[in-house]
2 protein chains.
Amino acid sequence: MTIRVALVDDQQMFRRGVSMIVRSQPDLEVVGEAGDGEQAIALVERESPDVVLMDVRMPVMDGVTATQRILGDAAARGATGPRIIVLTTFDLDADAAAAIRAGASGFVLKDADPDFLIAAIRTVHAGTAVVAASATRALLERFEPTERKPAPPEFDTLTGRERDVFALAAKGLSNSEIARTEYVSEATVKTHISNVLTKLGLRDRVQLVVFAYENGLVDR
Amino acid sequence: MTIRVALVDDQQMFRRGVSMIVRSQPDLEVVGEAGDGEQAIALVERESPDVVLMDVRMPVMDGVTATQRILGDAAARGATGPRIIVLTTFDLDADAAAAIRAGASGFVLKDADPDFLIAAIRTVHAGTAVVAASATRALLERFEPTERKPAPPEFDTLTGRERDVFALAAKGLSNSEIARTEYVSEATVKTHISNVLTKLGLRDRVQLVVFAYENGLVDR
DNA sequence: ACCGATCTCCTCCTCGCGGATGAGGCTCGC
DNA sequence: GCGAGCCTCATCCGCGAGGAGGAGATCGGT
């Protein structure tokens, strides 16, 4: 049972190279190539490949949009559609991230090891796994600070009430607004805010908001 | 030039299996095995492997702590230490994420395709890449929703200069600080800020900061 | 030549913010 | 019981922020 692969990239030379790599494996087969997103949709429609290797930056229609369309069309027909692997040039390509959200199963650096790409195709085809590039680490560090952050030591010194007003101030509320939602006087709020700023070493509530977001202390 | 691999897992049967897989490759070599975190540290100390395959849940000392220690010790000696790949049982293991933060280069599902593991070892050893399991998708969906918002339509109405001061204000700078870094008078900054607030429908710079973070308009 | 947008800067005015300081009431643990 | 910590509220004071309104300069398009 061979895995049917479709190639989508605007550079013909690149497609040629990837095609060589894929064809070198007995269980992989290239069932078609496309030079832009629109061609890709038609290709998938025609050939129903198992896996699509999709470039992001392309003329006519980019890879993210094409990914959305392909998976959207498949879902509309009650099918799952092909697994899509996005090929990226840079490490943590924002477009690649968008493609993942659009439903792509993973992304691989264009200069990755050929064996890695092959393993990625098989892994993705198997269903569960998703392959990523060095991005993962950066991803975790950049997007996860919302969670599991060491939570700055100074923050622990805040009392219960101080954390309450901190949270509200972090959402952009004024002192009077905080006072109203917490059913205390504005003077009390000012005292708490003042204590919080001192404890956290911040200048004003503006920096408090920055601090809150930078340390993932805002719940949404 | 063979890649020297160390195995760390409390289940001997599992180690045996992985060992078989690794040894099946001419360019990979197993230089030692360990059954818990402490043994792992000693093993790394003794053999200086290139790559460590590390389990998370282990008696005596878990994989996350061991990862921290190993990389911490290496850093203390000015060395980079081995690349560490964490082996996880479940998809998005919180422990695995912790290990990545501790410095591990990637994580692979224990039931992943053997070829995938092999490719991961080579990829990680090559330096740049990090391998992940199906977690990546979930990660992106869980932690990235902050970014790449459609970028509010009102934001497009800002002029070039207005965006400049917006960006600086979003970082928590005061008007005078912005004036100094932009080499204009504070009065000018106030004008721009005022225009920005009006255009974006915000009350004050505090809400401006919230707006900036909520819409992923802060670059770090 | 003219208009509109943008950037620059100014003054006057009001108000919210934050620091300093003090104080009364509450619930702990010693 | 008694102090420690916390929550509550108040007053005074200085300052930065933001709105209103005006003004000169530049530049691109009509």
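Order of the sequence lines sets the chain letters (A, B, ...), proteins ahead of strands, with each chain counted from 1. Everything quoted here is computed from the prediction, not taken from an experiment.
- For B:R163, the CZ atom sits in a packed shell: over 12 heavy atoms of surrounding residues, nucleotides or ligands are nearer than 6.0 Å.
- Partners of B:E182 under the salt bridge (charged side-chain N to carboxylate O under 4.0 Å, His left out) rule, at least two apart in sequence or in another chain, are B:R161.
- In this pair, A:F166 and A:F211 present their aromatic rings perpendicular. The plane angle is above 60°, beyond the 30 to 60° band.
- Residues B:I178 and B:H192 have side chains not in contact (no heavy-atom distance under 4.5 Å, counting atoms from C-beta outward).
- Residues A:I41 and A:E38 are not in side-chain contact: their nearest non-hydrogen atoms beyond the backbone lie 4.5 Å or more apart.
- In this structure the side chain of A:V196 never reaches within 4.5 angstrom of the side chain of A:K199, judged on heavy atoms.
- Boundaries of the chain B contact region on DNA chain D are D:dA17 to D:dG19, first to last in 5' to 3' order (nucleotide atom under 4.0 Å from a heavy atom).
- Chain B approaches DNA chain C within less than 4.0 angstrom (heavy atoms of the protein), and the contacting nucleotides run 5' to 3' from C:dT6 to C:dC10.
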key: Derivation of the side chain to side chain contact (heavy atoms under 4.5 Å, CB included) call for A:L168 and A:D164   = CA-CA 6 Å; A:L168 294 173; A:D164 291 344; 5.6 Å; no

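- Residue B:L53 is tested with B:I121, B:V8, B:D9 for a side chain to side chain contact (heavy atoms under 4.5 Å, CB included); the sole match is B:I121.
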From CA spacing to verdict: salt bridge (charged side-chain N to carboxylate O under 4.0 Å, His left out), B:R203, A:E177 = CA-CA 13 Å; B:R203 185 176 54 195; A:E177 286 169 340; 2.6 Å; yes

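- The minimum heavy-atom distance between A:L208 and A:A169, with the atom names listed, is CD2-CB, 4.0 Å.
- Partner of B:M54 under the side chain to side chain contact (heavy atoms under 4.5 Å, CB included) criterion, out of B:T67, B:L7, B:I85: B:T67 alone.
- For B:R205 (side chain) and B:L173 (main-chain N/O), a donor-acceptor pair under 3.5 Å exists by modelled atom type.
- With hydrogens and angles left out, the side-chain atoms of A:D204 and A:Q207 include no donor and acceptor closer than 3.5 Å.
- Within residues 198-206 of chain A, the residues approaching DNA chain C are A:D204, A:R205, by heavy-atom distance under 4.0 Å.
- In the helix from C:dA1-D:dT30 to C:dC30-D:dG1, the end axes, each obtained as the rotation axis mapping the C1' atoms of four pairs onto the next four within a five-pair block, lie 30° apart to the nearest 10 degrees.
- Listed here is the closest heavy atom pair of B:L71 and B:P82: CD2-O, 3.6 Å.
- Within residues 184-193 of chain B, the residues that place at least one heavy atom under 4.0 Å from DNA chain C are, in residue-number order, B:V184, B:S185, B:A187, B:T188, B:T191, B:H192.
- Side-chain atoms of A:R180 and A:S176 include a donor-acceptor pair closer than 3.5 Å.
- Projected onto DNA chain C by closest heavy-atom contact, B:N195 and A:S176 fall at different nucleotides, the more 5' of which corresponds to B:N195.
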